[in-house]
Amino acid sequence: MPAPHELTAVELRDALASGELGAEEVTVHYLERINELNPALGAFLTPTPELALAEARSADTHRARGKQLGLLHGMPLAHKDLTDVAGVRTTLGSAALDPWTAQEDAPLPAVLRRAGAISLGKTQVPEFGLSSYSENLVGPPARNPRDTRLSPGGSSGGSAAAVAAGLIPFAPGTDGGGSVRIPAAATGLVGLKPNRGRIPSGSGQQDLGGFVVAGPLARNAADAALLLDAMVDEPHYRATGAFPAEGTFLAAALRAEGQFRIGVSTRSPFESRLDIRLDPEALQALDAATAALTGAGHDLVDTDLVYDERYPEAFQVVWTASLATLSLPEGGAERLSDLAAVMRQRALRRTAAELVTAVDVLRTFETETIRQYSAYDMILTPTLGMTPRPVGWYGSDSGGAEDRADEDYARQCLYSPFTSMVNVCGLPAITLPVWDTAAGLPMGVQLIGRPGAEADLLAVAVQLGY
C-alpha cells in the first residue's frame, strides 16, 4: 500500500474508515514528515504532536468499540493561526499581541473535530491575515515547496505549503480577499472559496464587509469537495436546501456533469488606480484553461466587463476597518508591521460617514458586477497576475512607514488583481493549477460561479482532470 501522504484525501479517508489504516499510524506518519520537512518550509508555526497523538488514539478506540464514525474519522489537518484551537497558542501572526492559549475551539475547528478530524497544529499566516504573503515577526516565513526562495502566498500560505508538501492531506483555509485561492495557485493546489454564508462557522475573524468565508485547500477537486462537506454545518443547510440538488459536494464533483457558458476576462477593478500588467505565464495559463474547457464541451466567450472606478479605495477602507477596534497591550503598537500600523492609524482617523460611503460603494459594486456576470454561467480569469513572488518581495527599506505600507499594498493588488472582487460579491470561486512554467512553477486560473454554484465549479474541475 502507498504511504499515507501518497494517497488522495478521499483514499485516505476510505482506508481509515475501513480500518486498513489506523488513526495513530497515520498521525505518526504525518508528524514525522512535519518534523523532517517543516524546518525548510515554515508551514507550521505551532505543531501539536502530543495533542494530535492523544486524539488519534482516542479515534482508534472509538472505532474499535464499533461506534459511528465521523465523515473525517482520523483525518489529519491543520488550522491557520488566525483561529482558536483548544489547548493551543494563538498569535494572529502578530508580535504586537501577547499570545494566548484557547480554552475551547472556535466554531470551524469545532465542526471539523466533531467530524473526526485530527489537528496537527497551527500554520503560518500574515499579521491579522491582512496580506497575500505569509510572513510576520512571530516566526519564520512560510515558503513555497516548489521553490523555497518563493512565497506560497497568503493568508492561508502556511496551510497551502503544508498540503503541497504532503505534511497534511488537505486543510481548511479562510478567504477574505483571495486568501485560499492565492496560495492554492502559488503552490499548485485546488482552492475553493465558497459562497458567502455557505459555511456559518467559516470566518477567520469577523469583518465588516462580510468578505471572509472558510474554504478547502486540496490536491484535487474531489478532496476539496470532501472537506467542504465536512465544513458545512449540515443540519442548518439541510433545512435551507442549500446543498447540491443530489447528495453531497463530493458526489456532485464525481458526477462531473454540466456544460456551461463561460465568459473569459482579464479585466480587474484595480485598473482604475494601478497599471495591471499580466506576466506572460498568467496569460499562458488562461490560454491553456480556455483550450481545456472548450475541449470539454463548454462555450467560451469573451466578455466586456466594466468595474466601478471607486472600488480600490472602498475595498481598502472596508478591508482594514476592523483594525480600528484592535486592542493592543502596552508597547504593542511599536511591534506592528508597517502595513498593519499604517492601516490601523488610517482606520482610526476615518469618520463614520467615510466608512458608510465605502460600504455603499461596495454594495453597488456587488449588485452591478453580479448583474454583468449573470449573462454567463461562470467567469474565467487568471488567478494571479504574476508568477509566485520571492519571500520578502513585498517589503521595502526606502521611504517612511506610509510609503512602505502603500507599496506593500499596491504590490499585493498587482500580484492578485482578480480575487478580492469575488469576496465583495459573495460568489463562489475555484482556482485550478492548469499550467507549469518553464521553471516548474504553478500558474492557476479562477472560475467564478453563480450564487451557490460550488457543485458546478467542482464538477468542471473534475471534468478537466483536477
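Of the inter-residue distances, the one linking E11 atom CD with T8 atom OG1 reads 3.5 Å to the nearest 0.5 angstrom. In this structure, F249 CZ and L226 CG are separated by 12.5 Å, a value rounded to the nearest 0.5 Å. Residue I182 holds its CD1 atom at 7.5 Å from OH of Y415, rounded to the nearest 0.5 Å. Atoms CZ and CG, on F170 and L228 in that order, are 11.0 Å from each other to the nearest 0.5 Å. Atom OG in S337 sits 7.0 Å away from atom CG in L130 (nearest 0.5 Å). Annotation: the span from R219 atom CZ to L7 atom CG amounts to 8.0 Å, rounded to 0.5 Å.
Of all non-hydrogen atoms in M231 and G215, the two that sit nearest each other are CE-N, 3.6 Å. Between A282 and G385, the closest heavy-atom pair is CB-O, 3.9 Å. Closest approach of S155 to L82, counting heavy atoms only: OG-CD1, 4.4 Å. The two atoms that bring P152 and T187 nearest to each other are CB-CG2, 3.6 Å, heavy atoms only. The shortest heavy-atom contact between P417 and S268 is O-OG, 2.7 Å. When all heavy atoms of L51 and G87 are compared, the closest pair comes out as CD1-O, 3.9 Å.
Panel note: side chain T48, backbone G121; a donor-acceptor pair is recorded below 3.5 Å. For the pair D338 (side chain) and R404 (backbone), a donor-acceptor distance under 3.5 Å is absent. Under the 3.5 Å distance criterion, the side-chain polar atoms of D229 are left unmatched by any main-chain donor or acceptor of T248. Within the 3.5 Å criterion, the main-chain N or O of L72 finds no donor-acceptor partner in the side chain of R13. With hydrogens and angles disregarded, a donor-acceptor distance shorter than 3.5 Å links the side chain of R143 to the backbone of T148. Side-chain N or O atoms of D175 include none that pairs as donor or acceptor with a backbone N or O of A214 at under 3.5 Å. Side chain of H73 to backbone of A23: no donor-acceptor contact under 3.5 angstrom is found. Counting only distance, with no hydrogens or angles, the side chain of N195 and the backbone of R198 share no donor-acceptor pair below 3.5 Å. Distance alone, capped at 3.5 Å, places no donor-acceptor pair between the S416 side chain and the C413 backbone. A donor-acceptor contact shorter than 3.5 Å links the side chain of Q103 to the backbone of T101.
Taking a cutoff of 4.0 Å between a charged side-chain nitrogen and a carboxylate oxygen, R196 and E366 qualify as a salt bridge. Electrostatic pairing of R89 and D81 does not count as a salt bridge here, judged by no charged N lying under 4.0 Å from a carboxylate O.
For S322 and T325, the side-chain atoms include no donor-acceptor pair closer than 3.5 Å. Between the side chains of R389 and T387, at least one donor N or O sits under 3.5 Å from an acceptor N or O. Between S94 and E127, the side chains place a donor N or O and an acceptor N or O closer than 3.5 Å (distance only, hydrogens not considered). With no hydrogens or angles considered, a side-chain donor-acceptor pair links D408 and Y133 at under 3.5 Å. Between the side chains of H5 and R33, a donor-acceptor pair is found at a separation under 3.5 Å. One side chain, D84 or T90, offers a donor N or O that lies under 3.5 Å from an acceptor on the other. In summary, the side chains of N136 and Q124 do present a donor paired with an acceptor at a separation below 3.5 Å, with no hydrogens or angles considered. Side-chain polar atoms of T123 and K80 form no donor-acceptor pair below 3.5 angstrom.
Y311 and F365 have tilted rings, their planes meeting at an angle from 30° to 60° on a 0 to 90° scale. Between F315 and F270, the ring planes lie perpendicular to each other; the angle is over 60°, past the 30° to 60° tilted range.
Here the side chains of L192 and V180 are not in contact, with every heavy-atom distance at 4.5 Å or above. No side-chain heavy atom of V138 sits less than 4.5 Å from a side-chain heavy atom of L92. Counting only heavy atoms from C-beta outward, the side chains of I168 and M75 never approach each other to under 4.5 Å. Within the 4.5 Å cutoff, the side chain of M443 has no heavy atoms near those of the D436 side chain. Taking the side chain as every heavy atom from C-beta outward, F418 and R181 never approach each other to under 4.5 Å. R149 places a side-chain heavy atom less than 4.5 Å from the side chain of D147. The shortest side-chain heavy-atom distance between P109 and S119 does not fall under the 4.5 Å cut-off. When side chains are defined from C-beta on, R350 counts as touching T320, because their heavy atoms get closer than 4.5 Å.
The side chain to side chain donor-acceptor pair (under 3.5 Å) test applied to D406 returns R346, not counting sequence neighbours.
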Using a 3.5 Å cut-off and no angle test, enumerate the donor-acceptor pairs between side-chain atoms of residues 427-434 and protein atoms at least two apart in sequence or in another chain.
from : atom 1 : to   : atom 2 : distance (Å)
T431 : OG1    : T383 : OG1    : 2.7
T431 : OG1    : V445 : O      : 3.2

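Under a cut-off of 6.0 angstrom, the local environment of CD in E6 is crowded, with over 12 non-hydrogen atoms contributed by other residues, nucleotides or ligands. Remark: R349 CZ is packed, more than 12 non-hydrogen atoms of other residues, nucleotides or ligands lying under 6.0 Å away.
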Worksheet item: For D105 and H79, what are the C-alpha separation, side-chain angles and deciding distance, and is it a side-chain contact (heavy atoms from CB on, under 4.5 Å)?
Response: CA-CA 11 Å; D105 289 332; H79 295 282; over 6 Å; no

Steps toward side-chain contact (heavy atoms from CB on, under 4.5 Å) verdict (T27, E55):
CA-CA 9 Å; T27 299; E55 291 181 32; over 6 Å; no

For this session: Evaluate the criterion side-chain contact (heavy atoms from CB on, under 4.5 Å) for residue pair L77 and L120; output intermediate values, then yes/no.
Result: CA-CA 6 Å; L77 46 70; L120 305 190; over 6 Å; no

Would you sort out whether E281 and T437 count as a side chain to side chain donor-acceptor pair (under 3.5 Å), showing the intermediate values? CA-CA 7 Å; E281 294 87 347; T437 71; 5.8 Å; no

May I have the step-by-step check of side-chain contact (heavy atoms from CB on, under 4.5 Å) for I118 and Y30, ending in yes or no? CA-CA 11 Å; I118 296 170; Y30 279 104; over 6 Å; no

key: Intermediate values then yes/no, side chain to side chain donor-acceptor pair (under 3.5 Å), S156 and S159   = CA-CA 5 Å; S156 305; S159 296; 5.6 Å; no

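Judged as a salt bridge (Lys or Arg N to Asp or Glu O under 4.0 Å), the pairs with a partner in residues 410-433 (not counting sequence neighbours) are, in order, E407-R411.
Paired with N144 under the rule side-chain contact (heavy atoms from CB on, under 4.5 Å), one option of L441, V391, L150 passes, and it is L150.
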